[in-house]
Number of protein chains: 2
Amino acid sequence: MTHTRQSWKISTERPVSYDISCCHDLLNPENKALLASNDKTGGKRRFVVVDTNVLNIYGDTIANYFKKNGITAYIHPFEAGEDNKSMPQYLDVLSALENFPINRRNEPIIAIGGGVTTDLVGFVASTWRRGVPHINVPTTLMGYVDAAIGIKTGINFNSNKNRLGCFSPPEQVLLDRSFFTSLPRRDILNGVGEILKLAVVKEPELFFMLERHGSDSINNQFQNSHCEDILNMSVTSMLAELEPNLFETDLARAVDFGHNFSPALEMQTELNLLHGEAVVIDILLSSIISFEKSILSKTDLDRIFSLTLNLGLPLSSHGLEADLLMQSLLERQHHRNGVQCFPVPTSIGACSFVEDITINDITSAVTFFQKWLQESTGLKERKSHEQHSQCR
Amino acid sequence: MTHTRQSWKISTERPVSYDISCCHDLLNPENKALLASNDKTGGKRRFVVVDTNVLNIYGDTIANYFKKNGITAYIHPFEAGEDNKSMPQYLDVLSALENFPINRRNEPIIAIGGGVTTDLVGFVASTWRRGVPHINVPTTLMGYVDAAIGIKTGINFNSNKNRLGCFSPPEQVLLDRSFFTSLPRRDILNGVGEILKLAVVKEPELFFMLERHGSDSINNQFQNSHCEDILNMSVTSMLAELEPNLFETDLARAVDFGHNFSPALEMQTELNLLHGEAVVIDILLSSIISFEKSILSKTDLDRIFSLTLNLGLPLSSHGLEADLLMQSLLERQHHRNGVQCFPVPTSIGACSFVEDITINDITSAVTFFQKWLQESTGLKERKSHEQHSQCR
């Protein structure tokens, strides 16, 4: 502290440190990973929030895990989904926590579920007693490669996505991809959206891997060794991007690619888009803008389009109103302190930022996208028809 | 980042820095202190939350200040008081903020009011967009020497004091003691409770200053030069205690003195105690416990008692149920990760921590306190009667 008679200055640094580990057989009572706490004084209670989809399948296994390990656990069922990433649900979890007192340091809150679950529970943990430790166990691909491994917690507020939250690192992130075996294909594809984002603006090798093994990996629910490579590359890439800018001091973030128009799309309940689905549409629109501004080549744009189609990512041009998309970008502009800082791919795996996007750029990109979608859908139908004729 | 095929470790540090400055004439449009932002890009909007008591007196002055400086300000009236340090009020301020968009970095939220106002607004700022800058302008003595100068933001949740919150430093704290001139005596005494806390466990010189100039300072609404010494000594002492342990890594905190039984007392609405009033009762009970455990001498205990009486701090033994007080201590024990870590004075201006407080210790301290209170009140009445007789 520096101090004169008229003023004081406080200066210090807060250490931030957390581990992300791949695990097998996480819910086997012999595996102690889930019980570890950075505080070694050893609390015997755990408040555990579990996505109801996970609870339906693993409920008994989870209860048994804590029981066998002599831990008094309260399992709080949480019905996930974007609509429940909300203030009422936040309050509901807080009330349950109030009724199940835990020590402040050695009894971490545990979140088991997808991105909505870990984001909301992280917000609970980061505001309860001004922050208690929490552990993330992502059970979806989206959580594994994105939501659960960073330090952003949060909930939506009214119709604003992630408007409330904290930067609050989990104590640990435990990655067990065997959870994916029970995921519907739509949820797998949802996570692929975030992997695609990293591939397009950050990792040419990851893009190549997706071209080569993406489709198989999806069919295989990310269980074989190629999938492991894709997952490791994604997590490494994401963390390498996050670590030097963990608190977003620099507002120019490559990982904001695909996250400029998508917030508004996602919050339109009638479109019924998952986060990753909205991100994919945003990726394509942003890539078109980059192409139309002569930043991205036609060859690279075509590669992005082809990969999207080959992976079978769900695409639709419903609800792509230029006004809505511009509104979403303006909102992001407030978030970036008044500047657009809009990330666009410059080639496969590289990115720069533009500041001059107008509503005309957006209108033109939407038209381009709609046309391409129509043609490629027509092409697909034609191909399918031809195959069908050949079979006969 | 360290990385093996199976794990990653993120390690970094978040810089924390903020200024606390004494100001004169803060609301004079020529004084630019209130407009300063750490981000020099210069936003032109301010969301300003003002305690309605302050607004009644300074409303026009505040509006004029921003207008004269070309700033579009939205002034949000906030009715302070412990009952409003609540979730509904937090949501109310958030909704107002939603309707008045501000940039993320260069348009800090401003809180003008007492501790409840700065705590709640700090919580709004620390959760909005995962943290936007905020400036604290304490207008009460309690805010000036305690609530507004630290980094703890928060609200009560159900009947739990400060259960939700963040560690989130203000960008700046602007101290202008001229605000005190409009405070009722009860609010002045409320703040003296926190000064007394520091004096008893940390600053022998401050204790001596209070013995010598405390009563005058109260009568003088902390406006003369002795008052300035007391205020500067209090702020310096508080910050010196906070800075090396800003995030409460060490759970043994001298400044928790007076804050073990007081949370429960304060939340009993029928007792109608202000924070500082509950703290003073806690200070006395804790000092008695220290004396009865042969840690504090009778001489020093008497000095603490005498000072409390001489300052005219409001004292009452209503609602001092040992069960309630023990419950409050147990709650604090959860907060200290399962240990009591109960601070007690060892002499004037020095402190240690005990771990073995039982309900019997509390019962005995309450009895001691009640007896002393009765005697000293009797004494006071007798003295007043004698003076009255002499006058006749």
Side-chain angles (χ1 to χ4, degrees), chain A residues 1 3 5-22 39 41 43 87 91 94-95 98 101-106 126-131 152-154 157-158 160 162-167 169 232 235-236 239-240 242-244 246-248 251 334-338, chain B residues 1 3 5-22 39 41 43 87 91 94-95 98 101-106 126-131 152-154 157-158 160 162-167 169 232 235-236 239-240 242-244 246-247 251 331 334-338:
Chain A
M1 178 169 81
H3 170 38
R5 181 148 186 93
Q6 292 298 317
S7 71
W8 299 259
K9 185 175 192 71
I10 299 289
S11 285
T12 185
E13 278 176 334
R14 184 175 201 179
V16 173
S17 163
Y18 66 104
D19 295 298
I20 303 102
S21 315
C22 295
D39 183 303
T41 51
M87 185 51 72
L91 294 174
L94 288 174
S95 295
E98 191 184 1
I102 49 169
N103 284 338
R104 188 173 168 199
R105 295 276 165 84
N106 63 4
S126 51
T127 52
W128 187 253
R129 296 184 186 280
R130 300 194 179 93
K152 286 159 87 162
T153 71
F157 180 67
N158 295 339
N160 301 302
N162 293 327
R163 184 50 50 87
L164 299 178
C166 291
F167 289 108
N232 276 345
V235 173
T236 305
L239 292 174
L242 293 183
E243 193 188 37
L246 211 47
F247 301 98
E248 303 185 3
L251 295 169
H334 279 302
H335 200 65
R336 296 195 196 108
N337 202 35
Chain B
M1 179 170 79
H3 170 37
R5 183 151 184 91
Q6 293 299 317
S7 71
W8 299 260
K9 185 176 191 69
I10 299 289
S11 284
T12 185
E13 280 177 333
R14 185 175 201 179
V16 173
S17 162
Y18 66 104
D19 295 297
I20 302 101
S21 315
C22 295
D39 182 304
T41 50
M87 185 51 72
L91 293 174
L94 288 175
S95 295
E98 191 185 2
I102 50 168
N103 284 338
R104 188 171 168 199
R105 295 277 163 84
N106 64 3
S126 51
T127 52
W128 186 254
R129 295 184 186 281
R130 300 194 180 95
K152 287 159 88 161
T153 72
F157 180 68
N158 296 341
N160 302 302
N162 292 327
R163 184 50 50 85
L164 299 177
C166 290
F167 289 109
N232 276 345
V235 172
T236 305
L239 293 175
L242 292 183
E243 193 188 37
L246 211 47
F247 302 98
L251 295 168
E331 201 301 298
H334 279 301
H335 199 66
R336 297 194 195 109
N337 202 35

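Chain letters run A, B, ... following the sequence lines, proteins first and then strands; every chain starts at 1. From a predicted model like this one, the values you see are computed outputs, not experimental measurements.
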Sub-3.5 Å donor-acceptor pair from the side chain of B:R130 to the main-chain atoms of A:T153, do we have one? yes
I need the residue from A:E13, A:K9, A:H3 with the largest number of non-hydrogen atom pairs under 4.5 Å to chain B. A:E13
From the list A:G338, A:P101, A:S17, the residue making the most non-hydrogen contacts under 4.5 Å with chain B is A:S17
Specify which of A:N158, A:N160, A:T236, A:N162 makes the most heavy-atom pairs with chain B at under 4.5 Å. A:T236
Short side-chain to backbone donor-acceptor contact, B:N337 and A:N106, under 3.5 Å: yes
Options B:L246, B:L242, B:L94, ranked by heavy-atom pairs under 4.5 Å with chain A, top entry: B:L94
Among A:A240, A:S21, A:S11, A:P244, which has the most heavy-atom pairs under 4.5 Å with chain B? A:S11
Does B:R163 come within less than 4.0 Å of A:E98, counting only side-chain N to carboxylate O? no
Okay, side chain of A:E243, backbone of B:M1: is any donor-acceptor separation there less than 3.5 Å? yes
Determine whether A:W128 and B:L164 satisfy the following criterion, side chain to side chain contact (heavy atoms under 4.5 Å, CB included), listing intermediate values before the conclusion. CA-CA 5 Å; A:W128 187 253; B:L164 299 177; 3.9 Å; yes
Are A:W8 and B:C22 side-chain neighbours, meaning at least one heavy-atom pair lies under 4.5 Å? yes
With chain B as the partner, which of A:R336, A:M87, A:H334 has the greatest number of non-hydrogen pairs under 4.5 Å? A:H334
Report which part of A:S126 has an atom under 4.5 Å of a heavy atom belonging to chain B: side chain, backbone, both, or neither. backbone
